[in-house]
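Report on the following structure.
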Amino acid sequence: MKKAMIIANPSSGKEEAEIYVKRVEQQLTYSGYQTEAKLTAKEGDAAAWAAAACARGYETVISIGGDGTVNEVVNGLAEKEQRPSLGIVPLGTVNDFARALNVPLEPEEAITIIGQGRLQKADIGKVNDRYFLNITALGDMAESTAEVSAKQKTALGSFAYFLEGAKTLVHKHPIDLTVRGAEREWTGRALLFLAALTNSVGGFERMAPNAEVDDGKLHCFIIKDTSLPRLVRIAANLIKGDLKEDPDVLYFRANPVTISSKEPLKANIDGDIGGEVPLTLQVLRKHIAVWVP
């Protein structure tokens, strides 16, 4: 019999994750799976259990929670010799990876496709020794959005990221960066560097509208040091989906990308503060198979 591991964050979805565990168990049993369920208690649990599922030859792993839970699960699956398929039951505020893959944001609907839908190959990113699904960013704005609380996200949704990032513009602090891709190198002062894998970043689905989940590229944006009025224009272009057309924004696609700086900068990796520069970013193309409609 096929085996599946269900990994759930009990604090997600207004603490309704355990209810959905039962629903996923029913769905997978109907689809011919033997199931094992795990509830996370601390950071690192989801990654450890996903890695264990790989070692035990499980056919699929289900993530029940928000983007942080999916990120941990994928960090456990990444680059293992045996990688189970991934199912996602989105219970977070934003659910960027689910959005990019057109996984239903209603948990009950998402459950129905697990084991019954089709498998879509998707890219994942690697930054130094960590893996990401949506974004790696550098700059004051990137660090501030990583500090958005669960309460803020519940109250304001994706706008919480926009609001928190906007606060940094009052006392903006440009950073010195050198960014290298295969066909482009840029050195200068920037307010933000951002590398996106998907078209949904912080709930803004037009951040990188041309990004595909399996195109094998990092969609890179450098927002140059500029005046506040121009930053207002940049924000408007972001909302319209025209960010890459802005004259104060440098956009390019590449794989891999290296970043260095004279400053001790820390990266925002899928919403959490991660490694320090220098950074090497790369895409592992079509690396995981995800249940989609």
Side-chain angles (χ1 to χ4, degrees), residues 1-40 45-125 131-134 197-198 200 213-214 270 284 286-293:
M1 180 177 284
K2 296 179 292 184
K3 294 183 291 184
M5 181 178 288
I6 303 165
I7 300 173
N9 179 350
S11 64
S12 293
K14 299 178 181 179
E15 301 186 350
E16 294 179 341
E18 292 184 59
I19 296 172
Y20 293 117
V21 168
K22 299 299 181 185
R23 285 284 295 109
V24 173
E25 286 176 333
Q26 293 169 359
Q27 171 78 7
L28 288 170
T29 299
Y30 173 78
S31 300
Y33 287 86
Q34 177 183 339
T35 64
E36 178 182 3
K38 299 286 190 180
L39 299 179
T40 63
D45 281 351
W49 286 324
C54 295
R56 297 174 194 168
Y58 280 43
E59 280 78 15
T60 194
V61 170
I62 315 304
S63 170
I64 302 180
D67 284 321
T69 306
V70 182
N71 177 282
E72 266 208 38
V73 168
V74 169
N75 269 267
L77 301 178
E79 298 196 86
K80 298 294 192 297
E81 185 175 342
Q82 156 69 21
R83 287 190 298 278
S85 57
L86 174 66
I88 302 172
V89 180
L91 297 185
T93 304
V94 178
N95 304 302
D96 274 323
F97 196 55
R99 286 174 186 269
L101 285 156
N102 296 314
V103 172
L105 299 183
E106 169 55 50
E108 291 287 352
E109 291 182 32
I111 290 169
T112 64
I113 66 175
I114 296 171
Q116 297 292 314
R118 64 183 180 89
L119 289 170
Q120 163 78 53
K121 291 279 190 175
D123 300 342
I124 67 171
Y131 302 90
F132 66 100
L133 302 175
N134 296 299
L197 275 181
T198 72
S200 183
V213 296
D214 61 353
D270 276 354
L284 305 180
K286 297 184 177 181
H287 192 72
I288 54 173
V290 185
W291 288 106
V292 300

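The structure displayed is predicted, hence computed values, not measured ones.
- Distance check, rounded to the nearest 0.5 Å: NZ of Lys80 to NE2 of His287 gives 8.5 Å.
- The environment of NZ in Lys22 is sparse: at most 12 heavy-atom neighbours from other residues, nucleotides or ligands sit within 6.0 Å.
- Listed here is the closest heavy atom pair of Phe97 and Ile288: CZ-CD1, 4.2 Å.
- The shortest side-chain heavy-atom distance between Trp49 and Thr40 falls under the 4.5 Å cut-off.
- The side-chain heavy atoms of Glu36 and Lys3, taken from C-beta on, include no pair separated by under 4.5 Å.
- To the nearest 0.5 Å, the span separating CD1 on Ile124 from CG on Asn75 amounts to 7.5 Å.
- Atom CD1 in Ile62 sits 15.5 Å away from atom NZ in Lys38 (nearest 0.5 Å).
- At least one side-chain heavy atom of Glu108 sits under 4.5 Å from a side-chain heavy atom of Tyr20.
- A pairwise comparison of heavy atoms in Pro104 and Glu109 identifies CB-CB, 3.6 Å as the closest pair.
- Side-chain contact between Leu39 and Glu18 is present, with heavy atoms from C-beta onward closer than 4.5 Å.
- Val290 has its side chain within reach of Ile88: a pair of non-hydrogen atoms, C-beta onward, lies under 4.5 Å apart.
- With values rounded to the nearest 0.5 angstrom, Lys2 atom NZ is found 12.5 Å from Gln34 atom CD.
- No hydrogens or angles considered: a donor-acceptor pair under 3.5 Å links the side chains of Glu79 and Tyr131.
- Taking CD from Gln27 and OH from Tyr33, the interatomic distance works out to 10.0 Å, rounded to the nearest 0.5 Å.
- A distance-only check finds a donor-acceptor pair linking the side chain of Glu72 to the backbone of Ala47 [under 3.5 Å].
- Counted by atom type alone, Asn134 and Asp96 present zero donor-acceptor pairs between their side chains at under 3.5 Å.
- Under a 3.5 Å cut-off, the side chain of Arg118 and the backbone N or O of Trp291 do not form any donor-acceptor pair.
- For the residue pair Gly76 and Cys54, the shortest heavy atom distance occurs at O-SG, 4.2 Å.
- Contact of the Ile64 side chain with the Thr69 side chain is not registered, since no non-hydrogen atoms from C-beta on lie closer than 4.5 Å.
- Closest of all the heavy-atom pairs between Leu197 and Asp123 is CD1-O, 4.5 Å.
- With a 4.5 Å cut-off on side-chain heavy atoms, Asn102 and Val292 do not count as touching.
- We find the CG-CZ distance between Leu77 and Arg83 to be 8.5 Å, quoted to the nearest 0.5 Å.
- Contact check for Leu91 versus Asn9: no side-chain heavy atoms found under the 4.5 Å cut-off.
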